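The shown structure was predicted, so the numbers you read here are calculated from the model rather than taken from an experiment. We count residues from 1, following the sequence as given.
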Amino acid sequence: MRRVLSVLAAVAVALPVIPASAQAAQGPVFKDGQAQPVFDPADIVRDNVWVTAPVDSDRDGKDDLVHVEVVRPRATEQGLKVPVVYQASPYYAGGNDVANHNVDVELHSPTWPGHHRNGTAGDERVAAAVGPNPAITWRYEQYFTARGFAVVYAESLGSGQSTGCPTSGGRNETIGAKSVVDWLNGRAKARDANGTAVNAKWTTGSVGMMGVSYNGTLPNAVATTGVRGLDAIVPIAAISSWYDYYRQDGAVVAPGTFQGEDLDVLAEYVYTRADKEICKPIIEEIRQKQDRITGDYSAFWHERNYLKDVHNVRAATLVVHGLSDWNVKDLHAEQWYEAIKKVGVPHKIWWHQGAHADPYNIRREEWLVALNRWFTRYLYKQQNGVEREPRATIQREDKSWIEEAEWPAPGTADASLYLGAGGTARGTLGTSPTHRQGVESLTDDATKTAETLVNAASSPHRLSYSTGTTKQDVRLSGRGKVDLRASFSRPAANITALLVDRAPDGTSKIVTRGWTDPQNRLSPWLTIPVTPGREYSVEVEFEPKDYVFAAGHKIEFVLLSSDFDYTLRPKPGAGISLDVDETSLDLPIVGGKKALREAL
């Protein structure tokens, strides 16, 4: 997350510049429900201030200071008051060269002496590359200032010119970002570089937060404080619970392409303030409390779970996420969106086929229109009817777009699939329960990738079960799961579940994945020992998806132990024995059981 998005957050992309002759300095203009580009985006005022945050995260006895840069139309000097589009980020000053944790380690079990360390402080690390140090600039800056919005940037605590310490989603980080909204509404103090008090008299106080990845996570965090003045958020590829970013059901699971990263690594990466010593004890505390040994949920992780405070959200929320994002996985968007729906604030979701990014380079014109209309409605308070429009915009696999009333798709219901024997080669998968299929086993080999094992005609290191060729399209919309009945040869093992699309030519695509630690089968809060040879019921939830299995394809379920690109990687040898009759999948299918039966 940190290296990729430090660049995405800051890269400058030129947008059309409106000449000075087109200005309408008396105020904004609206047409078709959108703010129009009537201001010259080159005719702006830039201010640098330091906002006082009511938190002392570096423990120096003084309130932390948040460095803020304001970019506003010059017309605000003549009394025009404008709303704000605000991006908070820990990335504006770049990042440090930090090593990731070693993941080629044995798994922890409290009953297995000698196999309990897995990448804590002092272990061997794997070096990680770091990108360039970008300046504070944003591809959306000119777009918004031309349309009568101010753009505000804030450096997260412990980064750049802010004081305080980075804590990777901790409460102090949220308070630091929130304090800027308070300043924009006259509730917090700020000073300039000379120490002179600065008030934000140029703004209406209506604020919208947006950003990608970490920069999209901070809007979620600040919104959960219920701060007045934050009227809209657009979290893009954003985290809703940091535990779900680095863990899953007790398993230590990496964000895609960043094996071995964890909260401490990220905090150290963004620790770019001038004082390089004051935050070291705080980052060491993170290293100890994040617990890469058991992988359990804890009060430490609970602090970083924004879902618990979602009832405080007032801001109209436009959730944006890529269906191919394996960095901040789709669970974050799905569970945040489901929670927001229950709160009752205005909401909408955009699913695109891209990965860890916004839709800017996928559907630029339509995306900018949607973004403009969202902020025009909720920051400029223009009655453009956006709240009455379809709430789901989804890009399909063929790159076409559809709009639906809500997401998951209307008419979606759980439908079950059952296993049939033959999994070391390829067993069956159907809509009717099976009987007397027996037990089938695999032996873990963490040196082999999931893709290699999926494409193997047979393998002792995975179990695979497939439907017949589908007669019609089958659409998955939401979060599925598999209920396993299994025993283990060792007291510790990874479990990885895959849902695969097999094309007529034999090629495959892993549609979604899920992971768990069987020691956390009852709760992510609690490690309960596994007795080798004893059967347990274990649930594995798949990452949510919206995906169409095309007619003529097959749906496959593949069971692995370790997942080379995501889980810890113990030495080969751990065995999983699966009770085929007592294992089933529940998938959210548009049309439910009837649609699935007809397709198979």
Side-chain angles (χ1 to χ4, degrees), residues 13-44 71-76 80-87 138-152 184 202-212 216 219 229-236 315-320 345-352 358-395 401-405:
V13 176
L15 286 162
V17 176
I18 307 301
S21 61
Q23 288 190 63
Q26 295 304 307
V29 173
F30 305 99
K31 182 180 178 181
D32 299 326
Q34 302 172 58
Q36 298 298 302
V38 296
F39 296 89
D40 181 354
D43 191 19
I44 55 174
V71 185
R72 52 190 172 92
R74 189 167 298 279
T76 56
L80 177 68
K81 292 183 182 292
V82 298
V84 170
V85 177
Y86 165 33
Q87 180 177 243
W138 194 23
R139 63 172 57 168
Y140 296 99
E141 181 183 298
Q142 291 189 355
Y143 183 86
F144 285 124
T145 55
R147 287 159 174 80
F149 298 88
V151 172
V152 167
L184 292 167
W202 46 266
T203 179
T204 63
S206 186
V207 181
M209 290 187 74
M210 68 172 284
V212 179
L230 182 60
D231 294 328
I233 61 172
V234 184
I236 307 169
T317 302
L318 170 57
V319 176
V320 183
V345 297
H347 55 273
K348 182 176 174 64
I349 191 165
W350 264 61
W351 288 109
H352 59 85
D358 63 16
Y360 187 89
N361 292 323
I362 298 173
R363 199 188 187 195
R364 182 178 305 183
E365 183 177 349
E366 293 88 346
W367 162 239
L368 290 175
V369 168
L371 189 60
N372 186 332
R373 297 185 76 244
W374 197 258
F375 283 147
T376 295
R377 172 67 183 88
Y378 296 110
L379 303 189
Y380 262 119
K381 318 301 183 185
Q382 295 294 306
Q383 298 295 327
N384 59 14
V386 69
E387 69 273 22
R388 296 188 296 274
E389 295 174 356
R391 289 186 175 135
T393 299
I394 305 168
Q395 187 182 28
W401 291 83
I402 61 172
E403 289 196 332
E404 294 181 326

Worksheet item: In chain order, what residues pass the ring pair (Phe, Tyr, Trp, His ring centres under 6.0 Å) check against F144, with sequence neighbours excluded?
Response: F149, F375
Worksheet, complete the sentence: Distance col, row Q382:CD vs K31:NZ, nearest 0.5 angstrom, shows 15.0 Å
Worksheet entry | Worked verdict on I44 versus F39 for side-chain contact (heavy atoms from CB on, under 4.5 Å) | CA-CA 9 Å; I44 55 174; F39 296 89; over 6 Å; no
Fill in: Q87 side, atom CD; E141 side, atom CD - distance, nearest 0.5 Å
10.5 Å
Worksheet item: Within the distance-only criterion (no hydrogens, no angle test), does the side chain of Y380 pair as donor or acceptor with the backbone N or O of G148 below 3.5 angstrom?
Response: yes
Discussion item. If I compare all heavy atoms of G27 with all of L80, which pair ends up nearest, and what's the gap?
Written reply: CA-CD1, 3.9 Å
Practice prompt. Please name all residues satisfying side-chain contact (heavy atoms from CB on, under 4.5 Å) with E365, sequence neighbours left out, ordered by chain then number.
Written response: none
Worksheet, complete the sentence: Closest non-hydrogen contact found for V234 with W374 is CG2-CD1, 4.2 Å
Item to complete: Evaluate side-chain contact (heavy atoms from CB on, under 4.5 Å) for R391 paired with E404, printing each intermediate quantity in order.
Response: CA-CA 7 Å; R391 289 186 175 135; E404 294 181 326; over 6 Å; no
Item to complete: Please report the closest heavy-atom contact between Y378 and E387, naming both atoms and the distance.
Response: OH-CB, 3.4 Å
Worksheet item: Can you list the residues that meet the side-chain contact (heavy atoms from CB on, under 4.5 Å) rule with R373, with sequence neighbours excluded?
Response: Q34, V369, N384, V386, E389
Fill in: Counterpart residues, ring pair (Phe, Tyr, Trp, His ring centres under 6.0 Å), relative to W350 (two or more places apart)
W367, W401
Discussion item. For E366, give me all partners under side-chain hydrogen bond (donor to acceptor under 3.5 Å, both in side chains), at least two apart in sequence or on another chain.
Written reply: none
Practice prompt. Under the side-chain hydrogen bond (donor to acceptor under 3.5 Å, both in side chains) rule, collect the residues that match up with Q36, sequence neighbours excluded.
Written response: none
Discussion item. I'd like to check the side-chain contact (heavy atoms from CB on, under 4.5 Å) partners of P219; sequence neighbours left out, ordered by chain and number.
Written reply: M209, I233
Worksheet item: What pairs with W202 under ring pair (Phe, Tyr, Trp, His ring centres under 6.0 Å), at least two apart in sequence or on another chain?
Response: none
Worksheet entry | Contacts of S206 that satisfy side-chain contact (heavy atoms from CB on, under 4.5 Å) - sequence neighbours left out | P83, T204, D231, L379, K381
Fill in: Step-by-step side-chain contact (heavy atoms from CB on, under 4.5 Å) determination, R147 to V85
CA-CA 11 Å; R147 287 159 174 80; V85 177; over 6 Å; no
Practice prompt. Quick one: pull up CZ in R72 and CG in D43 and give me the separation to the nearest 0.5 Å.
Written response: 11.5 Å
Item to complete: Report the distance from atom CG of L184 to atom OH of Y86, rounding to the nearest 0.5 Å.
Response: 8.0 Å
Response to the item:
To the nearest 0.5 Å, atom NE2 of H352 lies from atom CZ of R363 at 12.0 Å
Item to complete: For side-chain contact (heavy atoms from CB on, under 4.5 Å), just list the numbers for H347 and V319, CA-CA rounded to whole Å, side-chain angles, deciding distance to a tenth of an Å, and then say yes or no.
Response: CA-CA 8 Å; H347 55 273; V319 176; over 6 Å; no
Worksheet, complete the sentence: One should read off an interatomic distance between L371 CG and D358 CG, to the nearest 0.5 angstrom, of 9.0 Å
Worksheet item: By side-chain hydrogen bond (donor to acceptor under 3.5 Å, both in side chains), which residues pair with T145, not counting sequence neighbours?
Response: none
